[in-house]
Structures are given as structure tokens and as C-alpha cells.
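Here's the structure we're looking at; comments come further down.
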Amino acid sequence: MNRSPYEVIVVGAGHAGTEAALAAARMGRRTLLLTGNLDTIGKMSCNPSIGGQAKGQIVREIDALGGEMARNADATGIHFKMLNTRKGPAVQAPRCQSDKARYAARLKRVCEEQANLSTLQEMVDDVWIEGARVRGVVTKNGRRYEARSVVLTTGTFLSGLIHCGLTKSDGGRMGEPPAAKLSGALAGHGFEVGRLKTGTPPRVNGRTIDYAKMQPQPGDERPVPFSFETRLPLPLAQVPCWITHTNERTHDAIRRNMHRSPLYSGIIEGIGPRYCPSLEDKVVKFPEKTSHQIFVEPEGLDTLEVYLNGISTSMPPDVQEDVIRSIVGLERAEILRYGYAVEYDFFPPTQLRPTLETKTVSGLFFAGQINGTTGYEEAACQGLLAGINAARAARDESGIVLPRSSAYTGVLIDDLVTLGTREPYRMFSSRAEYRLLLRHDNADRRLTPLGREIGLVDDRRFSLYERKRDEIARGRALLGRKPELARVLRRPEATLPDIDGDLPELSSLSAEAREQIELDTKYEGYIARQEEDVERSKKLESEELPEDLDYRSIQELRFEAREKLSKVRPRSIGQAGRISGVNPADLTVLIIHLKKLARRGESTASVGAEP
């Protein structure tokens with residue numbers, strides 16, 4: 001039975017799915033959000049936090065484009081901290097602990113209240129495809145839901161398998177069934193499939209923790225919200241976190257029981273995250289380290305459940321108990337939930353265009369962990385872009401691609417579709433070559449005009465942006481008329497208040513505008529150099545490569561380059577240059593080949609390079 005048609009269908013209601021569905025609906029598309037369980041919309045499956053290194057920048061970019069994650073984090077955050085404040089502005093990043101239950105409850109309510117968006121509890125078993133175009137989805141009940149665009153945001157549920165010691169069970173999260181058929185159906189449609197693994201630590205009862213033995217970690221006295229429209233004070237009470245460490249007793253408990261680890265006994269086949277390793281991995285791979293840091297993080301204001309960030313494990317329950325009670329401050333801690341690992345299918349993202357649309361099926365988009373990423377923030381920004389582009393595709397509009405020079409989100413997506421990934425991908429500031437331009441504090445200046453153009457930034461929000469933009473321009477103009485004050489401000493120890501007496505007009509500007517004026521002036525030379533680099537790279541990005549170019553017929557290309565280019569099918573010479581195995585000589589061959597074809601006016605599909 002065919003259900004009434006929608007323009008966009010989103011499958012999965014985690015961080016990617018909710019952003020995708022809200023974006024499409026807010027752009028005026030009739031949107032359906034399908035999930036296996038309505039009670040888990042927006043659920044924080046693992047750690048109760050948002051933001052962090054590079055991730056905080058992504059959250060502010062989501063906000064600047066008109067997404068929801070930043071507003072949700074501000075409304076439900078209970079501990080805010082700006083990271084790396086002793087370092088330069090390019091690597092500073094906001095982070096917060098969220099009230100886990102409130103985070104999900106608020107996001108569920110936002111989805112329920114959103115115009116043009118319907119939510120429905122149905123498990124999807126297949127994608128409905130006719131020819132090379134998506135038509136909709138097929139649910140477990142055999143119903144067909146029709147749409148012009150479909151976004152898959154399946155998280156860890158594709159053929160999910162949970163491991164706790166040598167015991168394993170089917171599931172995408174503990175206590176929740178997997179999507180058992182969808183992965184196989186996609187493979188049947190010709191998609192390449194891989195296998196990854198992630199994990200989670202045990203949670204303990206805060207009543208049984210001896211906090212006096214731990215190092216307290218208070219939040220910032222003046223929190224920096226994620227959303228550019230949030231104003232202090234924040235709505236929820238702020239609480240501290242704590243730090244403790246593993247020790248040799250902890251590590252001995254792991255070593256004695258390594259034969260019972262599913263990770264090291266060969267039971268787990270999926271590849272785990274390099275930058276968020278399990279405790280077993282830490283003990284094995286860093287034998288010289290006698291301790292590892294643990295962040296003790298409350299999960300909410302209405303619960304005593306505490307998350308132990310840093311000791312993800314899939315060891316058996318009795319080993320987890322020995323591990324926990326060997327740690328200072330946790331000697332009498334009661335475990336509420338045991339840690340576990342989950343294996344799941346993903347689809348290598350080189351099968352996607354930079355819009356996150358699949359190359360072989362028009363109108364079908366993938367976002368989040370299905371693409372091999374890890375982390376709420378990485379999922380959410382993909383969901384937002386996939387939702388935007390699915391909405392545009394539903395009405396035959398061209399897709400939006402964020403350049404690497406304009407957003408961490410652009411870096412992430414370009415890395416995925418160009419390089420692919422063999423392990424869960426996590427964003428770091430070191431991945432962004434233009435990170436001084438991509439600071440968390442200027443995300444609105446970079447992306448809000450685009451969000452407005454797309455249709456996700458409303459009048460109120462855009463007026464706030466315009467006021468700040470105009471204040472920055474006025475302040476920069478004032479400084480431009482007094483270059484001696486600009487020189488003073490460039491000194492490392494100088495701040496804007498140091499020159500207010502000589503330029504009192506600056507003191508009337510908002511704190512947000514003053515911050516941007518100070519940073520722009522202090523780092524003006526460095527910023528100018530990065531902008532020059534961006535301009536050079538734009539020339540390569542503007543050299544577009546036809547989608548139907550037959551790379552295998554270009555004999556001057558090395559064999560490896562022909563194979564890699566044929567698989568990725570880059571959009572431009574710039575993207576081609578970022579493919580592993582394609583060197584500068586190959587790019588020169590491509591440029592010469594394109595010029596020859598242009599002169600001859602021939603089709604790129606069937607003609608190779610001239611001898």
C-alpha cells in the first residue's frame with residue numbers, strides 16, 4: 001500500500017536525522033521522520049556532552065546555518081566550559097555537559113511542533129528505487145511511503161551487534177533492536193558495505209562516589225553559549241564535573257582478563273575509533289602509561305547517574321566491577337549500567353557526492369554514522385546539509401556544498417567523500433588547513449548569510465547578525481583612521497579596553513562586536529595570509545571535472561590515479577588533488593587533457609588524452 005506522498009523522508013531520529021528533518025520542513029517541504037522508537041528521538045546514546053575541540057566549532061556552524069543543536073544544548077546544558085583558553089583563538093572551543101533526559105525531551109518536542117514535519121514510529125527495511133532514482137521507503141509492515149528525496153541517518157543500528165564480555169546480542173543500542181534488513185537491502189542495490197565498532201563506558205550511582213578524593217572541575221563563571229542568539233543567564237542550574245585516574249591496579253585487572261575481551265579474542269570484527277579508544281586498547285597500546293584520565297560527568301539534574309568518560313569497555317561485568325573499584329573515588333561505586341561495544345554496518349562515503357547524495361541513486365542521501373563518522377556533532381552537521389540538499393533536490397534545485405575554507409563542516413564532508421574512511425572519523429582542528437579563519441566565534445559571519453539564502457535563518461535572527469556585522473564594520477573603520485592604536489592592539493598583551501580611552505566610540509559597541517574587532521586586528525597578518533591561500537585554492541576548485549570523464553582512457557595518468565579518480569569522481573581539480581594516490585603530475589595531465597578537449601569541443605565521456 002502506498003502512503004500519501006511526501007517531498008522528503010528522513011529515516012532515523014538521532015542527531016543527524018532530527019537536523020535533516022527540521023531543515024527540510026523549515027524550508028517548506030512536506031517531510032516525514034521515521035524512527036523505530038519515538039521515545040528515543042534525539043537520544044544521547046553515549047556521553048552527555050555537546051561540543052569540544054573542533055566539535056564546538058561545528059555546533060556553532062550548525063547554529064549559524066539555522067540548525068537546532070546549539071539552541072538545544074543551551075536550553076539543556078548544566079556545565080559549560082571553553083576549552084584551550086591558554087592557546088590561540090583558532091583552537092579554542094566551547095563544550096557543555098547536557099542534561100541527557102531534557103536534551104532528548106526538548107528535541108522531541110521541537111520536532112513534534114515543527115510545521116510541515118510528521119513523525120511516525122515505523123522500522124524501515126528497504127529503500128524504494130526505480131531505475132536510478134529513489135521513490136521512497138518500504139517499512140517492516142510492508143507499507144511504502146513515497147517521496148522525492150530520502151535521507152538515511154541510521155546511526156549504529158544497521159545490523160547492530162552488542163558485545164559485553166563474550167556475550168553478544170542483536171541491537172543498535174542496549175535494549176533496542178537493530179535495523180536487521182536495511183543494510184542487506186542497500187547492499188542488494190549495489191552499495192559497498194563495511195563494518196565499524198564503537199563503545200561506551202559503565203555508568204555509576206553518584207550517591208556511591210567519594211567526590212572528596214577527586215579533582216573538581218567547575219564550569220566557567222560566565223558561560224559562552226553555543227547559539228549566537230542565546231542570552232545569559234542560561235535556564236538550568238550549573239553543576240561541577242570531576243577528574244580521577246586509572247592506576248596500575250586498574251590496568252592489571254584488564255591484563256589478567258584480556259582473554260575475555262571480545263575486542264582481543266577476535267569476536268569483534270569492526271574497526272573501532274582511533275581517537276576514542278577503549279580502556280583495553282589504552283592498556284595494550286600504551287603499556288608505558290601508568291594512568292589514564294577519567295572525566296566524571298553527571299547525566300542530569302534529576303538523576304544521580306554519572307558517566308565515566310575515558311573508560312569505554314566491552315569487558316565482562318565482573319571485570320568492569322573490579323576496574324571501577326580500583327579507581328580513586330570509585331572504590332564503593334555501584335554500577336548502574338555496564339559498558340559495552342556495538343558493531344554496525346556503514347557505507348564507505350566515497351560512494352557519495354559532496355552534497356551527500358549517493359552517486360548511483362538520485363535523491364538518496366546518507367548522513368551520520370552510516371558514513372563512517374563518530375560523534376553527535378559530526379552527525380548533526382551532516383544531517384543538516386543532507387536535509388538542506390534533500391529539500392532542494394525534491395524541487396530540482398542544485399545542491400549546497402560548503403568549501404573547506406568556509407566551514408569545519410565543509411572539511412568533514414570533503415574528507416569523507418574524497419578520502420573515505422576505514423575507521424570511525426572524528427573531527428579535529430588539525431584537519432582544517434584554514435582553521436584561523438574557521439574559529440567558533442565567527443561562524444555567524446561565515447555562514448549566516450548562506451543560511452538566510454537557503455531559508456533557515458528567520459528575520460529576527462538575521463537582524464541580530466546584521467546589527468553585529470555593522471558594528472564590526474564601524475569599529476574597524478574607527479581603528480583604520482587611527483593606525484597607531486591598531487598597532488598597540490596587535491601587541492600580544494594588549495586588549496581592546498587598553499585603547500578605549502583614546503577611542504571612546506569603541507566602548508559603545510556590543511561585547512560580541514568588540515571581541516571580533518580585537519581578534520580581527522590582532523591576527524590581521526595571519527588572516528590575510530590564509531585568505532591568500534584560499535584564493536589560490538579557489539582557482540583549482542574552479543577547474544571543474546565533468547561527471548562523465550573517462551579517467552581510464554587517459555593513458556598519461558598512472559594506473560593508481562586512474563583507479564582512484566574513477567572511484568571518487570571528483571568535482572574539481574582541487575578535490576582531485578586531495579585524493580590519496582593522486583600526485584601533482586597527475587593533476588597536470590588532467591588540466592592538459594581538459595584544455596585539449598575544450599579546444600576540440602569533444603565529449604569527455606569517450607575520448608582519452610592524445611598520444
Side-chain angles (χ1 to χ4, degrees), residues 44-53 56 73-74 76-86 93-104 199-224 233-254 276-279 282-283 289-313 315 317-340:
M44 304 178 94
S45 304
C46 195
N47 59 310
S49 69
I50 296 293
Q53 184 189 15
D74 289 346
T76 61
I78 57 176
H79 177 104
F80 284 76
K81 192 86 170 176
M82 184 62 69
L83 306 184
N84 298 327
T85 54
R86 295 182 180 179
R95 184 182 188 272
C96 84
Q97 295 297 125
S98 289
D99 184 304
K100 197 176 253 190
R102 283 181 169 88
Y103 187 96
T200 190
R203 277 72 153 178
V204 298
N205 190 330
R207 176 176 54 81
T208 62
I209 294 175
D210 189 347
Y211 293 110
K213 294 181 178 180
M214 297 179 178
Q215 178 184 348
Q217 292 288 297
D220 292 337
E221 287 187 16
R222 184 174 176 80
V224 175
L234 295 167
L236 296 185
Q238 301 296 291
V239 300
C241 297
W242 293 266
I243 288 178
T244 185
H245 297 82
T246 64
N247 52 58
E248 281 295 350
R249 282 183 56 209
T250 314
H251 301 180
D252 285 343
I254 294 292
C276 188
S278 67
L279 182 57
K282 291 179 181 179
V283 170
K289 296 203 68 169
T290 57
S291 71
H292 296 281
Q293 191 166 254
I294 303 170
F295 291 93
V296 180
E297 302 171 342
E299 296 222 337
L301 298 179
D302 299 322
T303 179
L304 291 178
E305 192 166 347
V306 174
Y307 182 91
L308 303 178
N309 193 341
I311 54 170
S312 169
T313 183
M315 280 291 197
D318 62 300
V319 179
Q320 294 190 40
E321 290 169 359
D322 290 343
V323 164
I324 293 300
R325 288 167 188 164
S326 71
I327 296 168
V328 173
L330 301 177
E331 296 90 346
R332 298 183 180 181
E334 295 177 359
I335 295 178
L336 297 175
R337 305 176 199 253
Y338 292 106
Y340 63 89

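Quick caveat, the model's predicted, so the values are computed rather than measured.
- Summarising the geometry of Ala93 relative to Gly52, their closest heavy-atom pair is CB-O, 3.2 Å, with the distance given to 0.1 Å.
- Minimum heavy-atom separation, Val204 to Ile209: CG2-CD1, 3.6 Å.
- Ser291 contributes atom OG, which lies 9.0 Å from atom CD of Glu248 (distance to the nearest 0.5 angstrom).
- In this structure, Thr250 and His292 have side chains that are not in contact, with every pair of non-hydrogen atoms separated by 4.5 Å or more.
- Between Lys213 and Glu331 there is a salt bridge, with a side-chain nitrogen of the basic residue lying less than 4.0 Å from a carboxylate oxygen of the acidic one.
- Side-chain atoms of Asn47 never come within 3.5 Å of backbone atoms of Tyr307 as a donor-acceptor pair (strictly under, hydrogens ignored).
- Here the side chains of Val306 and Trp242 are not in contact, with every heavy-atom distance at 4.5 Å or above.
- To the nearest 0.5 angstrom, Cys241 atom SG is 11.5 Å from Met214 atom CE.
- Side chain of Glu334 to backbone of Arg332: no donor-acceptor contact under 3.5 angstrom is found.
- Side chain of Gln217 to backbone of Ile243: no donor-acceptor contact under 3.5 angstrom is found.
- Atoms CD and CD, on Gln215 and Gln293 in that order, are 7.5 Å from each other to the nearest 0.5 Å.
- Rounded to the nearest 0.5 angstrom, Leu279 CG and Ile311 CD1 are separated by 6.5 Å.
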Exercise for the section: Determine, stepwise, if the pair Val323 / Met315 fulfils side chain to side chain contact (heavy atoms under 4.5 Å, CB included). Expected result: CA-CA 10 Å; Val323 164; Met315 280 291 197; over 6 Å; no
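- Ser312 places a side-chain N or O within donor-acceptor distance of the main-chain N or O of Thr200, the cut-off being under 3.5 Å.
- To the nearest 0.5 Å, atom OG1 of residue Thr246 and atom NZ of residue Lys282 are 7.5 Å apart.
- Using a 4.0 Å cut-off between a side-chain N of Lys or Arg and a carboxylate O of Asp or Glu, Lys81 and Glu297 do not qualify as a salt bridge.
- The heavy-atom pair separating Asn247 from Ser326 by the smallest distance is ND2-O, 2.7 Å.
- Lys100 places no side-chain N or O within 3.5 Å of a backbone atom of Ser45 that could act as its donor or acceptor partner.
- Arg203 is linked by a salt bridge (Lys or Arg N to Asp or Glu O under 4.0 Å) to Glu299, counting only residues two or more places apart in sequence or in another chain.
- For Val296 against Tyr211, the heavy-atom pair with the smallest separation is CG1-CE2, 4.3 Å.
- Residues His245 and Ile294 come closest through the heavy atom pair C-CD1, 4.1 Å.
- For the pair Val239 and Pro298, the tightest heavy-atom approach, listed with the atom from each and the gap, is CG2-CG, 3.8 Å.
- Within the 3.5 Å criterion, the main-chain N or O of Gly300 finds no donor-acceptor partner in the side chain of Thr303.
- Here Glu321 pairs with nothing under the salt bridge (Lys or Arg N to Asp or Glu O under 4.0 Å) rule; sequence neighbours left out.
- Remark: Leu308 CG to Thr244 OG1 distance equals 9.5 Å, nearest 0.5 Å.
- Of the possible polar contacts, one joining the Asp210 side chain to the Ala212 backbone as a donor-acceptor pair under 3.5 Å is found.
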Exercise for the section: Test Tyr338 against Thr313 for side chain to side chain contact (heavy atoms under 4.5 Å, CB included), laying out the working first. Expected result: CA-CA 9 Å; Tyr338 292 106; Thr313 183; over 6 Å; no
